[in-house]
Amino acid sequence: MERSHWVAFAGILLMVSALFNLLNGFVAIFNHGYYSKVYSRGNRLLILNYTAWGWIFVFIGIVMALAAIGVFVGSRAARLTGVCLAALSLVGQMIFLPVYPFWSLFTMLVSLLVIYGLLAEPRHVHGAQV
């Protein structure tokens, strides 16, 4: 079965996004003062502290990596999971915009490309199902 190149590209970007989320989460968990030094309003970000958001990003990153493996295998459920997790990552990075705007914008762009790549219909493959 031939697959779309966008799906393969989105799978790679999903794995990269998972690594970004893991990196972001581990920094928030293990280096407690890193984000609070950058953002001067203390140790709270929206409704939770940085450590809680770090654990959320670690969880999202692990599940994203598993979904990326599923996308490489060709699972439709993994593609839908990848879309949902990329959207969740997009919202999480919107929350982190005041802390690191360029990093957040870059990660949000990667998440948007993942969503597009996983939802784009392959036009060059006849009879392919998305």
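Just so we're clear, the structure is a prediction, and the values are computed from it rather than from any experiment.
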A.B. asks: To the nearest 0.5 Å, how far apart are CG in Leu13 and OH in Tyr116?
C.D. replies: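 Result: 13.0 Å between the selected atoms.
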A.B. asks: Quick one: list whatever passes side-chain contact (heavy atoms from CB on, under 4.5 Å) with Leu80, sequence neighbours left out.
C.D. replies: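 So Leu80 forms no side-chain contact (heavy atoms from CB on, under 4.5 Å) with any residue.
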A.B. asks: Who passes ring pair (Phe, Tyr, Trp, His ring centres under 6.0 Å) against Phe59, sequence neighbours left out?
C.D. replies: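 Ring pair (Phe, Tyr, Trp, His ring centres under 6.0 Å) list for Phe59, sorted by chain: empty.
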A.B. asks: Determine, using the 4.5 Å side-chain heavy-atom cutoff (strictly less than), whether Leu105 and Trp53 are members of one ILVMFWY cluster.
C.D. replies: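 No, Leu105 does not connect to Trp53 through the hydrophobic network.
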A.B. asks: With Phe30, which residues qualify under ring pair (Phe, Tyr, Trp, His ring centres under 6.0 Å), at least two apart?
C.D. replies: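 In terms of ring pair (Phe, Tyr, Trp, His ring centres under 6.0 Å), with neighbours along the sequence ignored, Phe30 is linked to Phe26.
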A.B. asks: Indicate if Leu66 and Ile56 have the same hydrophobic cluster label, given that clusters are the connected sets of ILVMFWY residues with side-chain heavy-atom separations under 4.5 angstrom.
C.D. replies: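 Each belongs to a different hydrophobic cluster.
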A.B. asks: Taking a hydrophobic cluster as the set of Ile, Leu, Val, Met, Phe, Trp and Tyr residues connected by side-chain heavy atoms closer than 4.5 Å, whether directly or through intermediates, do Phe20 and Val71 fall within one such cluster?
C.D. replies: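 Yes, because Phe20 and Val71 connect within a single hydrophobic cluster, where side-chain heavy atoms sit under 4.5 Å apart.
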A.B. asks: Let's go through Phe57 and Leu23 carefully: what are the C-alpha distance in whole Å and the side-chain angles of both, what is the deciding distance for side chain to side chain contact (heavy atoms under 4.5 Å, CB included) to 0.1 Å, and is it a yes or a no?
C.D. replies: CA-CA 9 Å; Phe57 275 118; Leu23 178 69; over 6 Å; no
A.B. asks: Can you see which heavy atom on Met64 is nearest to which on Ala18, and at what distance?
C.D. replies: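 Here Met64 and Ala18 meet closest at CB-CB, 3.6 Å.
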A.B. asks: Verify the cluster assignment for Leu22 and Val27: are they in a single hydrophobic cluster under the rule of side-chain heavy atoms below 4.5 Å apart?
C.D. replies: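 Shared cluster, no.
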A.B. asks: Please round to the nearest 0.5 Å and tell me the distance separating atom OG of Ser111 and atom CE of Met94.
C.D. replies: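 Answer rounded to 0.5 Å: 9.5 Å.
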A.B. asks: Do Ile60 and Tyr100 sit in one hydrophobic cluster, given that two such residues count as connected whenever their side-chain heavy atoms are within less than 4.5 Å of each other, even indirectly?
C.D. replies: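 Hydrophobic grouping puts Ile60 with Tyr100.
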A.B. asks: What is the distance from atom CG of Leu118 to atom CG of Leu113, rounded to the nearest 0.5 Å?
C.D. replies: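 Between Leu118 CG and Leu113 CG, I get 10.5 Å after rounding to 0.5 Å.
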A.B. asks: For Ile69 and Met15: C-alpha separation, side-chain torsions, deciding distance, then whether side chain to side chain contact (heavy atoms under 4.5 Å, CB included) applies.
C.D. replies: CA-CA 8 Å; Ile69 293 170; Met15 186 64 78; 4.1 Å; yes
A.B. asks: Could you name each residue pair satisfying side-chain hydrogen bond (donor to acceptor under 3.5 Å, both in side chains) that touches residues 63-74, not counting sequence neighbours?
C.D. replies: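 Those involving residues 63-74 do not exist here.
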A.B. asks: Do Asn24 and Gln93 have side-chain heavy atoms sitting under 4.5 Å apart?
C.D. replies: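 Result yes, sub-4.5 Å side-chain heavy-atom pair found.
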A.B. asks: Apply side chain to side chain donor-acceptor pair (under 3.5 Å) to Thr107 and list each qualifying residue two or more places apart in sequence or on a separate chain.
C.D. replies: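 So Thr107 forms no side chain to side chain donor-acceptor pair (under 3.5 Å) with any residue.
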A.B. asks: For residues 81-92, tabulate all N or O donor-acceptor pairs below 3.5 Å that involve a side-chain atom, not counting sequence neighbours.
C.D. replies:
residue	atom	partner	partner atom	Å
Thr81	OG1	Ala77	O	2.8
Ser89	OG	Asn21	OD1	3.4
Ser89	OG	Asn21	ND2	3.2

A.B. asks: Looking at side-chain heavy atoms only, is the closest gap between Trp103 and Phe96 below 4.5 Å?
C.D. replies: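 The answer is no, as the side chains (C-beta and beyond) never meet within the 4.5 Å cut-off.
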